[in-house]
Amino acid sequence: MMIYDSLTRQKRPFEPIVSGHVSIYVCGVTPYAESHLGHARPAVLWDVIKRYFIRRGFLVHHVQNFTDIDDKIVARAQELGISVTDLAERHMKEYTDAMNQLRVLPPDYAPRVTENVTPINQFIEELINKGKAYSTPAGDVYFRVDQSPGYGRLSGRQVEDQRVGVRIESSEDKEHPADFALWKSSTAGDPGFPSPWGRGRPGWHIECSVMASRYLGPQFDLHGGGIDLIFPHHENELAQSEAYWGVSPARCWVHNGLITHGSIKMSKSLGNGISLRELLDRVSPMALRTYLLSVHYRSPLDFSQDALLDWSRGMARVWDLYERVKDVGSPSERLDQPWAQRLESFEERLLATLDDDFNTARALAEIYEMVRDVHQGEAAGHAATAYGWARINLLKADQVLGILPLPATVNDPVAHDEILAELLSWRQEARQDKDFATADRIRVVLAQAGWTIEDTPSGPRLVSREDL
RNA sequence: GGCGACGUAGCCAAGUGGUAAGGCAGGGGUCUGCAAAACCCCUAUGCCCCGGUUCGAAUCCGGGCGUCGCCUCCA
């Protein structure tokens with residue numbers, strides 16, 4: 001099992017700290033606004049990673065935080081005239097709902113900054129005691145970057161090389177321009193928490209150092225997040241945790257590439273962000289999920305509606321096959337024909353592709369090749385065996401990748417169903433009487449209602465493709 | 001200015017030394033009253049360009065060109 005580590009910039013064999021266990025910390029969202037498509041990528045990726053480890057027999061501990069207090073949340077809540085709690089709560093729920101639709105398994109813990117202020121303060125105090133941080137007369141606390149020997153090694157940059165840009169916080173009583181805040185004092189009207197340095201709130205990076213170690217211990221296996229978090233967030237987190245614990249927090253840093261739109265990074269400020277909620281109203285969640293997995297996680301994914309729709313057309317074939325085979329029995333015969341052998345060993349190949357740095361794109365290709373083998377078996381006169389394997393293999397793929405739509409919970413009004421059924425049987429009668437003009441008129445009527453008729457050997461079937 | 005990523009068929013995309021996966025679109029076919037769906041077959045002598053290393057390179061090295069990301073909040 002090989003995983004690319006951003007710190008050493010190479011694929012390395014995965015060696016868990018505790019044999020048979022894998023501990024994962026993923027940086028979650030700051031719920032100050034609606035979730036956009038970019039948030040879905042790491043969520044789906046880590047969901048697959050988790051499912052993969054579980055299938056490989058690991059016990060998984062997964063923590064993903066909510067940064068439910070920060071400058072943006074405060075600003076946005078004031079703008080809307082609501083409390084920061086209400087604002088954060090609303091967007092956390094939206095996020096969670098979207099994740100459920102995408103079939104993302106919830107983390108074992110989803111800690112919030114506001115529930116960890118005391119441990120954060122203790123952590124900061126200890127850093128001050130160790131001489132790694134200092135408080136200022138204004139009630140802020142900063143981390144001393146020059147007391148952190150390896151600072152910059154994760155992001156591959158040196159403090160001196162950085163562009164001398166305009167620093168937003170100008171009233172600095174920092175010792176060094178690169179020092180960053182562990183604790184920020186709150187002004188009168190702002191939300192804040194008591195602390196040894198006065199009322200204030202945690203800086204941006206400290207919460208992850210504290211919560212990761214609180215829930216997973218000083219060192220854990222995998223640390224995830226978007227590639228845009230490498231600097232400053234993870235660089236600073238690494239420095240803090242190392243200063244406190246004396247060890248690097250994560251054994252392996254896993255960063256996903258960003259989603260772009262028109263080749264530009266998706267972001268609210270540029271106005272090219274796509275609302276996850278709106279997108280999920282328009283497209284099938286499983287089409288979106290598998291589309292996100294169709295590109296290797298470290299590459300940028302340039303989103304386009306057309307590419308998503310093209311992709312979902314392909315997945316529809318897989319879903320159709322599953323519909324056809326979901327109730328068939330398990331194979332009873334063992335055959336030495338190549339297609340049968342490949343169907344038997346499908347899951348091994350699937351897991352083997354994921355062994356190599358979670359190559360989900362190739363894993364999806366394996367599914368299509370498996371589907372072709374099913375048809376070969378069918379053509380060879382072994383339909384029952386082929387379909388049996390199709391059912392098993394699609395479920396196995398689903399277990400790890402999550403590819404099948406959830407069972408529909410739509411309950412059309414009975415009257416609606418009856419009308420459709422009546423029209424269909426009317427058309428069948430017309431067809432038997434060779435009255436094709438009438439039959440085709442009925443087809444047009446149904447088409448206008450959004451239904452496509454598929455005449456299968458076992459009779460006509462209505463298909464609605466509007467959700468693709 | 002510093003650091004980094006990427007450039008594979010009409011489109012999306014895998015592939016890090018051994019002779020180009022997969023999907024969509026397109027073409028041909030089977031089935032069908034016609035369609036739709038499904039299935040089968042075909043579709044890159046070539047992987048941004050130019051050099052180099054090698055028996056052999058999309059894959060390694062050097063130099064270009066182009067696109068993007070981070071250096072400020074960001075998944």
Side-chain angles (χ1 to χ4, degrees), chain A residues 6 9 11 26-30 32-33 35-46 64 67 70-72 75 152 155-169 178 204 224-233 235 255-260 262-269 273 290-291 294-296 298-304 306-318 320-321 324 353 356 359-369 371-372 374-376 378-379 431-432 434-437 439-440 443 447 452-457 460-461 463 465:
Chain A
S6 302
R9 290 151 214 273
K11 274 191 211 172
V26 181
C27 284
V29 298
T30 301
Y32 77 97
S35 287
H36 62 80
L37 180 55
H39 296 132
R41 172 122 98 145
V44 169
L45 166 69
W46 283 98
Q64 182 175 316
T67 301
D70 88 325
D71 294 349
K72 284 198 169 171
S155 56
R157 66 192 67 208
Q158 304 199 307
V159 174
E160 311 81 58
D161 291 339
Q162 297 309 294
R163 180 188 280 159
V164 188
V166 184
R167 292 250 161 214
I168 294 171
E169 304 159 77
W204 176 32
I227 203 169
D228 54 344
L229 293 180
I230 289 179
F231 192 90
H233 185 56
E235 190 72 63
H255 290 103
N256 60 275
L258 302 179
I259 294 187
T260 59
S263 294
I264 308 294
K265 174 182 173 178
M266 210 172 264
S267 83
K268 282 196 180 1
S269 52
T290 51
Y291 173 67
S294 73
V295 178
H296 186 85
R298 280 191 281 117
S299 303
L301 192 165
D302 192 33
F303 176 82
S304 90
D306 286 347
L308 205 192
L309 291 178
D310 284 351
W311 176 261
S312 73
R313 269 192 279 276
M315 283 310 295
R317 275 174 51 213
V318 176
D320 279 353
L321 176 64
R324 275 182 277 136
T353 65
D356 184 13
N359 194 334
T360 55
R362 222 175 96 209
L364 289 165
E366 290 290 346
I367 293 173
Y368 284 101
E369 298 193 334
V371 169
R372 197 172 56 201
V374 170
H375 296 132
Q376 273 192 31
E378 189 183 5
R431 291 180 72 209
Q432 272 172 6
K434 306 270 182 209
D435 179 7
F436 296 120
D440 287 344
R443 178 155 62 196
T452 302
I453 298 175
E454 292 179 9
D455 289 317
T456 72
R461 168 181 164 211
V463 180
R465 296 249 177 245

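Letters A, B, ... mirror the listed sequences (proteins, then strands); counts begin at 1.
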Using a 4.0 Å heavy-atom cut-off, write out nucleotides 20-32 of chain B from 5' to 3' as B (base contacted by protein), S (sugar-phosphate only) or - (no contact). -BSSSS-------
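Contact annotation: A:K434 side-chain N/O to B:rC34 OP1/OP2 distance is not under 4.0 Å.
Across all strands shown, A:D71 has no heavy atoms under 4.0 Å from either base or sugar-phosphate atoms. Base contact: A:G38 has a heavy atom under 4.0 Å from a base atom. Among the heavy atoms of the strands lying under 4.0 Å from A:S263 are primed sugar atoms or P, OP1, OP2 only; no base atom is included. Counting any heavy atom pair closer than 4.0 Å across all strands shown, A:L229 reaches sugar-phosphate atoms only and no base atom. Residue A:T353 is classed as having no contact, given no heavy-atom separation below 4.0 Å to the nucleic acid.
Across the protein-nucleic acid pair, A:H375 atom NE2 and B:rC39 atom P stand 4 Å apart, rounded to whole Å.
Taking the side-chain hydrogen bond (donor to acceptor under 3.5 Å, both in side chains) definition, one finds that A:T67 meets it with A:N65, A:E207, sequence neighbours left out. Remark: A:N359 pairs with no residue by the side-chain hydrogen bond (donor to acceptor under 3.5 Å, both in side chains) rule, at least two apart or across chains. Taking the ring-ring contact (aromatic ring centres under 6.0 Å, His included) definition, one finds that A:H39 meets it with A:H36, sequence neighbours left out. Applying the salt bridge (Lys or Arg N to Asp or Glu O under 4.0 Å) test to A:K72 and every residue at least two apart in sequence or in another chain returns nothing. Residues forming a side-chain hydrogen bond (donor to acceptor under 3.5 Å, both in side chains) with A:R298 (at least two apart in sequence, or on another chain): A:D357. Legend: residues meeting salt bridge (Lys or Arg N to Asp or Glu O under 4.0 Å) with A:E366, ordered by chain and number and at least two apart, are A:R349. Taking the side-chain hydrogen bond (donor to acceptor under 3.5 Å, both in side chains) definition, one finds that A:R443 meets it with A:D440, sequence neighbours left out.
For A:D320 against B:rC39, a side-chain-to-base donor-acceptor contact under 3.5 Å is absent. The base of B:rG33 lies close enough to the side chain of A:D440 for a donor and an acceptor atom to sit less than 3.5 Å apart.
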Restricting to nitrogen or oxygen on both sides, can you table the protein-nucleotides 6-8 of chain B pairs closer than 3.5 Å?
none

